[in-house]
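Scroll down for the structure; my scribbles are underneath it.
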2 protein chains.
Amino acid sequence: MKRATIYSIAEELGISASTVSRAFTRPELVKRSVRERILATAEQLGYEPSWAARGLATGRTGLIGLLIPDITNPFFPPLVRAIEKAAAGRGSGVLLVDAEANGAAEPGLVAQLKPQVEGLIIASPRAPSAALKEAVGQTPAVVVNRAMRGLPTVVVDNGPALREAVRNLVADGHHKLVVMRGPADAWAAARRVEAVRAAAGQEGAELVELGPFEAQFEDGRRAAREILASGATGVLAFDDLMACGVLSGLAERGRRVPDDFSLVGCDDVLLARTVTPALTTITAPLEELGNHVVERLDGVARGEAVKDVRVRGELTVRGTTAPAPGTS
Amino acid sequence: MKRATIYSIAEELGISASTVSRAFTRPELVKRSVRERILATAEQLGYEPSWAARGLATGRTGLIGLLIPDITNPFFPPLVRAIEKAAAGRGSGVLLVDAEANGAAEPGLVAQLKPQVEGLIIASPRAPSAALKEAVGQTPAVVVNRAMRGLPTVVVDNGPALREAVRNLVADGHHKLVVMRGPADAWAAARRVEAVRAAAGQEGAELVELGPFEAQFEDGRRAAREILASGATGVLAFDDLMACGVLSGLAERGRRVPDDFSLVGCDDVLLARTVTPALTTITAPLEELGNHVVERLDGVARGEAVKDVRVRGELTVRGTTAPAPGTS
DNA sequence: CTGAAAGCGCTTACAG
DNA sequence: CTGAAAGCGCTTACAG
């Protein structure tokens, strides 16, 4: 049997297709008794509105494209969830594309996605901004977690939390700290180091900058040697993966966390909660971020001038921070 | 300026819209010189074909719906990637929906997804199969990692690898083993226990069955007490998360892995590789699985009778398995 | 190789 | 509150 349409329903009921259409899109315009008969017949015929037809008629596809640099990185699944949820709340679906950690592929993926969607969300992109902006063209788009001139932006600002972390470390008697820089091409890497540097200055702590490192477990693990050599007792890692690597590398060398070292991660990924001891880290308000992103996208689509927004990460103290050895 | 269409290009060039359309969809039917002028003008006008119009005309949306029970579970992101990749290879996009670990929501989400897509991929669903099948209706669909009568299925079969794991443990002198059952509503939970039970019987090992447990770090950690009480020296956990919890719980109680205990996980999630010692576990061929799934979906859509497929997990030996204590 | 025309299934002014 | 009609932007037999 053929697909049910508003015409088959209309014919069945001896009314016009317009009325059937309205029963679904503007129900208040249709007399109640008629509406009920329409709904019943639709149900019975297994009618489902054609998204293509509706999209063609209204110019809306109801789809948002979401480009993720690497879905395998534990930071992103919760972000994807938050965005998908926010989009669903506005009646949009999410077309997901994963760049598989290949920054150079991003502009091409954006271009592919573009014709299918009403708006684009580009998360933590690694490609040059010019290429990205060219690929985006006139399509409404918002960038997450990277500043980018000419495109609206939603970022999480870990500065205040990092400052608080440094303050706590110093208060705990850690007067020499290591900050581990993230990947050279990660936008957040420079920001985090700057924030830590400023805070260390304010708190009068000595700061050793190490890296750049890849945001990976293995890099953190290998860095344990350098960390030990530095003489510091407090470490701020670029992210949780790196911090977990440090935890492991330190353990291999017979050092205990938090007895001998204090360690702070960033992002609060699942691993941070599951490692032992659980990681002191910085937690981003992802739901809030998802809502801002989708809202912003909506704004851009309506031609409004939207402001960049930054949400604040919060310090989550768990088991890897404690008073320095030799402190009362 | 208005959106460019095949008509604006046709007008610009003084040819018919049909020819413009063909230049994109069946280029070999268009004289080369004409085709090149069309492409050039399209480029210059910033033309992008309307997916809605194309979908309406052809009856194809080019979209596959993917329902994931919990994107936050580290097993799924690599699966999502594999499916997205396979779908892209066939020219389809993936509309992602996350059930947020709420099995009861699955049928509703399927119903929502259905009208927008050409086919449905339902990964590791937890909802009752009747409700799921009703929600799927006539839409082509394939189920991943759960058997389900009446819907084509692609599962990973960890039986042989589990058997091999048991054989290795016994060969290493572990004659008393624990198998930790997964969540009661997880289809894979029963299968894994059965496989281990059969293998233990064959290999003459004594088997203690514990659980069911939630597939979470904390449950594994708390189970360490029971494991110690059992007197076993080899543990097969339902999945890697649980295994990592066991690792941690055992460490808290002063037991070392693999010196005092051998431990086998399942799924080979990122965490399995990043924990110390790295987890011996079972690795699923996800790319292969993704290809099978999309292929199957294609088959169903064309009305073919497709066979269920099972791909095989393989044992990946890493650092948590070793000869039993007291073994030469 | 190209064009004219119908059709895909909706929405939405417009008129009543 | 309802209907007739045009239009959204493509594809695709059909005819040439």
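Below, read A as the first sequence line, B as the second, and so on, with proteins coming before strands; counting in each chain starts at 1.
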query = Separation of A/Leu56 atom CG from D/dG9 atom C1', in whole Å?
reply = 5 Å

inquiry  = Measuring from the side chain of A/Thr19 (C-beta onward, heavy atoms only), which nucleotide among D/dG9, C/dG3, D/dT2 has the closest atom?
reply    = D/dT2

ask   = Given atom CZ of A/Arg22 and atom P of D/dG3, what is their separation to the nearest angstrom?
value = 8 Å

Whole angstrom value for the distance that separates P of D/dG3 from CD1 of A/Ile38 = 9 Å

query = Which distance, rounded to the nearest 0.5 Å, do you find between the CD of A/Gln116 and the OG1 of A/Thr139?
reply = 11.5 Å

note = note: B/Ile9, atom CD1; C/dG3, atom P; distance rounded to Å ~ 14 Å

Complementary nucleotide of D/dC14, counting Watson-Crick and G-U pairs under 3.5 Å = C/dG3

inquiry  = Taking only the P atom of each, what is the distance from C/dG9 to C/dA13 in whole angstrom?
reply    = 23 Å

A/Ser21 side-chain N/O to A/Ala17 backbone N/O, donor-acceptor pair under 3.5 Å = no

message = Rounded to whole Å, please give me the gap between CD in A/Gln116 and C1' in D/dG9.
response = 16 Å

message = Measuring only the P atom in each nucleotide, how far is D/dC14 from D/dC10? A whole number of Å is fine.
response = 24 Å

task = Taking B/Glu118 for its side chain and B/Arg60 for its backbone only, find out whether a donor-acceptor pair lies under 3.5 Å.
result = no

request  = Could you tell me whether the phosphate oxygens of D/dC10, OP1 or OP2, come under 4.0 Å of any side-chain nitrogen or oxygen in B/Ser21?
outcome  = no

task = Answer yes if the side chains of A/Asp308 and A/Thr153 hold a donor-acceptor pair under 3.5 Å, and no otherwise.
result = no

task = Quote, to the nearest angstrom, the P distance that separates C/dC1 from C/dA5.
result = 24 Å

query = When you measure from the side chain of B/Asn145 to the backbone N and O of B/Ala188, does any donor-acceptor pair fall under 3.5 Å?
reply = no

inquiry  = Which is more 5' along DNA chain C, the nucleotide nearest A/Ser18 or the one nearest B/Arg35? Just name the residue.
reply    = B/Arg35

inquiry  = Under 4.0 Å, counting only non-hydrogen atoms across every strand here, what does B/Phe24 touch: a base, just sugar-phosphate, or nothing?
reply    = nothing

key: Whole angstrom value for the distance that separates P of D/dG9 from CD of B/Glu48   = 13 Å

ask   = Where is the tightest heavy-atom contact between A/Thr72 and B/Leu270, given as atom of each residue plus distance?
value = O-CD2, 4.0 Å

ask   = Starting at CD of B/Glu36 and ending at P of C/dC1, how long is that distance when rounded to a whole Å?
value = 13 Å

remark   = To the nearest angstrom, the CD1-P distance between A/Ile6 and C/dT11 comes to 6 Å

request  = Using a 4.0 Å heavy-atom cut-off across all strands, classify A/Ser50 as base, sugar-phosphate, or nothing.
outcome  = sugar-phosphate

remark   = Among the nucleotides D/dT11, C/dC1, D/dT2, whichever has the atom closest to the side chain of B/Lys31 is C/dC1

query = Is a donor-acceptor pair below 3.5 Å formed from side chain B/Tyr7 to base D/dC8, judging by atom type as modelled?
reply = no

query = Under 4.0 Å between a side-chain N or O of B/Ser16 and OP1 or OP2 of C/dG3?
reply = yes

task = Quote, to the nearest angstrom, the P distance that separates C/dT2 from C/dA6.
result = 23 Å

